[in-house]
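Order of appearance sets the numbers: ligands from 1, and atoms from 1 within every ligand.
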Amino acid sequence: MKWTWKIIRVAGIDVKIHLTFFFILIWFGLSAYLNGGSITAALTNVLLILTLFLCVVAHEFGHALTARLFGITTKDITLLPIGGVARLERIPEDPKEEFLVAAAGPAVNVAIAAGLFGGLLLSGFFNQPLNMAVLLNNFWLQLLVANITLVLFNLIPAFPMDGGRLLRSFLALVMDHLKATRIAAAVGRALAVLMGIAGLFVNPWLILTAIFVWFGAGSEAQAVEMKVGLKGLVVRDAMVSQFYQVEANQPLSEVFQLALATGQSNIPVVSNAIYLGIIRRSDLMKAMERVGSRAPAYAAIGLEPEGLDPEMTLSDVFTKFASNRVLPVIENRQLIGLVTPESVQQRMWLNQRRAGTKPRATGEKTDVA
Ligand SMILES: [Zn+2]
């Protein structure tokens, strides 16, 4: 994520902080000061937020360290104004594991709240005459209330928040993972709309959370659809195997004519059947301006993505599209096909349609058991 800095590394996990997090500190400090408070009040407020975010970090470590028990590593933990995000390398598909990983976060805050309550009880805080002023000015009591709020908020079943994950893990006990994800994502999106509307009247942070939930639910559901849709497929299954290509020494003008006549925007270049690279439409225009239309085709080859093995698992390919929309499939140094997001998607639809007409495979059931 952009605008984040690593502040510390604990138990092998980087803890990062997002720039916007500082805004929330300034905002809380300023609002305390402007509401007639002193500098001390402002600083206490800032300290309270910092301590609360320590509790959020502890919450995220609850997720991360529980995930580690199931062999899942965590890339990093990032603090955002709306809370923390632990980037787990993957989400456990086993409902029991997902339940434990999701529940571990809020459980940490329950433990912190219990500790604070015990501390206040032992210190005799509750024995004094309690009025609003006493309650609102106690640092530890505020932290206690904040932790309880954190638990309740996280338990809202808005996937991909913790409550939503718990919901999916319950659903996945009685249905397959994909269906459970679809339902949890739909519930999450409905709650995101409600949260967004509530945010307009109550607290603008709710709107941010609603946006996070809306897009998070969508992208996670999509990832699961993709994983299921691509199950058992390899690169060879999704590649385009009929395409035009040019020889390395053909002039760029001919490449241009070919692109125009065929509508193929990416033209592979070969030399004696050995694959050299791909000329992308934008590179072709630039090269013709730079070196002229009589220059050889190989002059227009741009930065080359690494070639894919035809037997590579298709679900591993998707992340590679971030930097390149067309990927060459290479076998024995020869180009045998091209893979694009569209060709993968088409193959996925075909796979899903086939899966839909067949009775559910026994292999999928074992995921749920
Ligand atoms: Zn959490």
If you look only at distance, which donor and acceptor atoms sit under 3.5 Å apart when one is on a side chain in residues 153-164 and the other is two or more places apart or in another chain?
unit_1 : atom_1 : unit_2 : atom_2 : d
Asn154 : ND2    : Leu150 : O      : 2.9
Asp162 : OD1    : His63  : NE2    : 3.2
Asp162 : OD2    : His59  : NE2    : 2.9
Asp162 : OD2    : His63  : NE2    : 3.2

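Between Ile17 and Phe53 the shortest side-chain heavy-atom distance does not fall below 4.5 Å. A 4.5 Å side-chain heavy-atom check between Ile13 and Arg68 finds at least one atom pair inside the cut-off.
Val235 pairs in a side-chain contact (heavy atoms from CB on, under 4.5 Å) with only one of the listed residues (Glu311, Met312, Arg347), which is Met312.
Taking CG from Leu116 and CD from Gln142, the interatomic distance works out to 12.0 Å, rounded to the nearest 0.5 Å.
Under 2.8 Å from the Zn ion (ligand 1), one finds the following protein N/O/S atoms: His59 NE2, His63 NE2, Asp162 OD1, Asp162 OD2.
Heavy-atom minimum distance, Phe256 versus Met285: CE1-CE, 3.7 Å.
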